[in-house]
Trainee: 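Can you read through this structure? Questions will come right after.
Letters A, B, ... mirror the listed sequences (proteins, then strands); counts begin at 1.
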2 protein chains.
Amino acid sequence: MVRKPTSKESARKPNMREAILAAAEELFATNGFNAVSVRDIAQAAGANPGSVTYHFKTKDGLLLEIYRRHCGPMNLRRSELLAAAKRVRDLQDRLEAIVRAYVVPAFTSGSDLAGGGARFTRLRAVMSAEGNEVARKIIAQTFDDTSHAFIDAIHESLPHIPRTDIVWRSHFLLGALYYSLVTPDRVSRLSRGEADGSDPANAIEQLVQATVAAFQAPALDQAAPTRRRQAVSNKT
Amino acid sequence: MVRKPTSKESARKPNMREAILAAAEELFATNGFNAVSVRDIAQAAGANPGSVTYHFKTKDGLLLEIYRRHCGPMNLRRSELLAAAKRVRDLQDRLEAIVRAYVVPAFTSGSDLAGGGARFTRLRAVMSAEGNEVARKIIAQTFDDTSHAFIDAIHESLPHIPRTDIVWRSHFLLGALYYSLVTPDRVSRLSRGEADGSDPANAIEQLVQATVAAFQAPALDQAAPTRRRQAVSNKT
DNA sequence: TGATCTTTTGTACGATAGTACAAATCACAT
DNA sequence: ATGTGATTTGTACTATCGTACAAAAGATCA
């Protein structure tokens, strides 16, 4: 890949800017936004703190650029995979394909950004937990369309389930997805070393399998109303 | 509840200490640990910043005390509910009761701490996402036993599923649980107002229903091996 | 080579962080 | 009423934060 100089617009040394972005992504995703200082990021990237200000103006601007960098490619890939999944004939297979189309891009690389998928998804999880304002705005703008597309697709392959239930279950899916990326070591620990929580392929298969079953659960209203809510009380 | 003065050990004005704890809990749970300053907490509690230092020594000490305050009651309640759930005869009902025993205390009050369950669980979710060291240590010490107890109980009512799969699925359960408490508004938004993500009863029912189905999914190894992983590729 | 623009560096500034500590205040036993 | 220990207040210290900005360095083209 030989990037020609183009005299204008582009940088002479794009490495530094990329290094800062990568370092910030990694640090934000593991420690949260406020726990990481601009100086931490600069040091991790082998840059001067002033460089961060030069390229991204503010710390928020840096976070914003990270989102801009990833949102497009990830949503594009999800759209492609979703389109392919919707062409699957068998309803059961189609549901699984749809879920996979949602999960896979979150775990794997979104484009040419090395290993960016999982790292960016983890970043989103942490920003979401921290209630980060910058992230919240972008998320609502960028991901809600995609989420609705997936919810609609799932609804089509499970017409007997109310849309509300599907929303809840896809919400659970995202939560499980996030959490798997946030604390993969917990899986290894609780399984006493038998499972590797850090293995993306493993996580994907487990998540898809469990989620498909969750989506196929009977709807809440019609769920065996004769025997519910016994043996465990709701309030003390 | 008339707390006698006991001359020694206890405080004359326990209100301030409690107010600080409550304010810290709320602020940490919504904004993360580092985004909240001791001064923020003091102000929200109507106290002086010095009072925080007096009662809890450091900011970490304050977080530690929050955990100490909740972990015991919540785990106790979970143990009680789990014991009751294990006495359920019907295997399907028992599984649901076990899941409910895990979920309910996380959403509702753990003891006499008003509305503490959901708030504390949300706090745990945020600390977990931020990789908070203080929280990580307590969690591993305090909750792993409980987690193992639940995993074992679930395994007993689903003997044909490998323990590894159960670990994964209970991990997903916790992730979904956390996420439901972190961004309940997302459910309301995606369901276009048809569902209320902030209603604990609603969330519990949806989560229990979906999770029970997820646990009952076929084991990964024997999951219809003739038709898997088509229509969607794993790598680009 | 020298002019010009981009990038990097070094440093500094005001704000705010966590925490320490002495003084003031409070509650209660005597 | 007064002394005593627990609590609260007020303030100050040092460290670090995000960011600004001028100077240095590097690159490009006449």
Trainee: Would one find a side-chain N or O of A:His55 under 4.0 angstrom from OP1 or OP2 of C:dT6?
Mentor: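 Looking at the OP1 and OP2 atoms of C:dT6, neither is under 4.0 Å from any side-chain N or O of A:His55.
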Trainee: In whole Å, I'd like the distance from the CG atom of B:Asp60 to the P atom of C:dG18.
Mentor: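 The distance from CG of B:Asp60 to P of C:dG18 comes to 10 Å, rounded to the nearest Å.
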Trainee: When the distance from CZ of B:Phe56 to P of D:dA6 is rounded to whole Å, what number comes out?
Mentor: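 Going from CZ in B:Phe56 over to P in D:dA6 covers 17 Å.
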Trainee: Over how many whole Å does the gap from A:Leu63 atom CG to D:dT19 atom P extend?
Mentor: 12 Å
Trainee: A:Arg100 versus A:Leu81: any side-chain heavy-atom pair under 4.5 Å?
Mentor: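 With C-beta onward as the side chain, the pair stays apart.
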Trainee: Below 4.5 Å, heavy atoms only, C-beta onward: do A:Gln206 and A:Asn202 meet side chain to side chain?
Mentor: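 In contact.
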Trainee: If you assign B:Ala35 and A:Gly46 each to the DNA chain C nucleotide with the nearest heavy atom, which residue ends up on the more 5' nucleotide?
Mentor: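 Looking at the nearest nucleotide for each, A:Gly46 comes out on the 5' side.
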Trainee: Given D:dT19, D:dA20, D:dT8, identify the nucleotide with an atom nearest to the side chain of A:Thr58.
Mentor: D:dT19
Trainee: Any base atoms under 4.0 Å from B:Ser37, or only sugar-phosphate, or nothing? Heavy atoms, all strands.
Mentor: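 Sugar-phosphate only.
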Trainee: Figure out the CG/P separation between B:Asp40 and C:dG18, and round it to whole Å.
Mentor: 8 Å
Trainee: Could you please name the option among D:dG18, C:dA20, C:dT8 that lies closest to any side-chain atom of B:Lys57?
Mentor: C:dA20
Trainee: Return the nearest nucleotide to the side chain of A:Tyr54; candidates are C:dT7, D:dT19, C:dG18.
Mentor: C:dT7
Trainee: Whole-Å distance between C:dT9 P and A:Gln43 CD?
Mentor: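 Distance, rounded to whole Å: 13 Å.
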Trainee: What residue pairs, at least two apart or across chains, pass salt bridge (Lys or Arg N to Asp or Glu O under 4.0 Å) with a residue in residues 174-190 of chain B?
Mentor: A:Asp144-B:Arg189, B:Asp185-B:Arg189
Trainee: How many Å lie between CG on A:Leu64 and P on D:dG18, as a whole number?
Mentor: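 So the two atoms are 17 Å apart, to the nearest Å.
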Trainee: Looking at A:Arg68 and A:Glu65, is any side-chain nitrogen of the basic one under 4.0 Å from a carboxylate oxygen of the acidic one?
Mentor: yes
Trainee: Which nucleotide in the set D:dT9, D:dG18, D:dA20 lies at the smallest distance from any side-chain heavy atom of A:Val38?
Mentor: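 Nearest to the side chain of A:Val38 among the choices is D:dG18.
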Trainee: May I have the distance from A:Ile41 (atom CD1) to D:dT19 (atom P), rounded to whole angstrom?
Mentor: 10 Å
Trainee: Taking the ring of B:Phe120 and the ring of B:Tyr67, is the distance between their centroids below 6.0 Å?
Mentor: yes
Trainee: Charged N to carboxylate O below 4.0 Å: is that the case for B:Glu133 and B:Arg136?
Mentor: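 The answer is yes: the pair qualifies as a salt bridge.
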Trainee: Could you tell me how far apart B:Leu62 (CG) and C:dA17 (C1') are, to the nearest whole angstrom?
Mentor: 15 Å
Trainee: So which protein nitrogen or oxygen atoms get under 3.5 Å of nucleotides 11-14 of chain C's nitrogens or oxygens?
Mentor:
from: C:dA12; atom 1: N6; to: A:Arg39; atom 2: NH2; distance (Å): 3.4

Trainee: Who are the ring pair (Phe, Tyr, Trp, His ring centres under 6.0 Å) partners of B:Phe150, not counting sequence neighbours?
Mentor: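 Testing B:Phe150 for ring pair (Phe, Tyr, Trp, His ring centres under 6.0 Å), a comparison that skips the adjacent residues, returns B:Tyr102.
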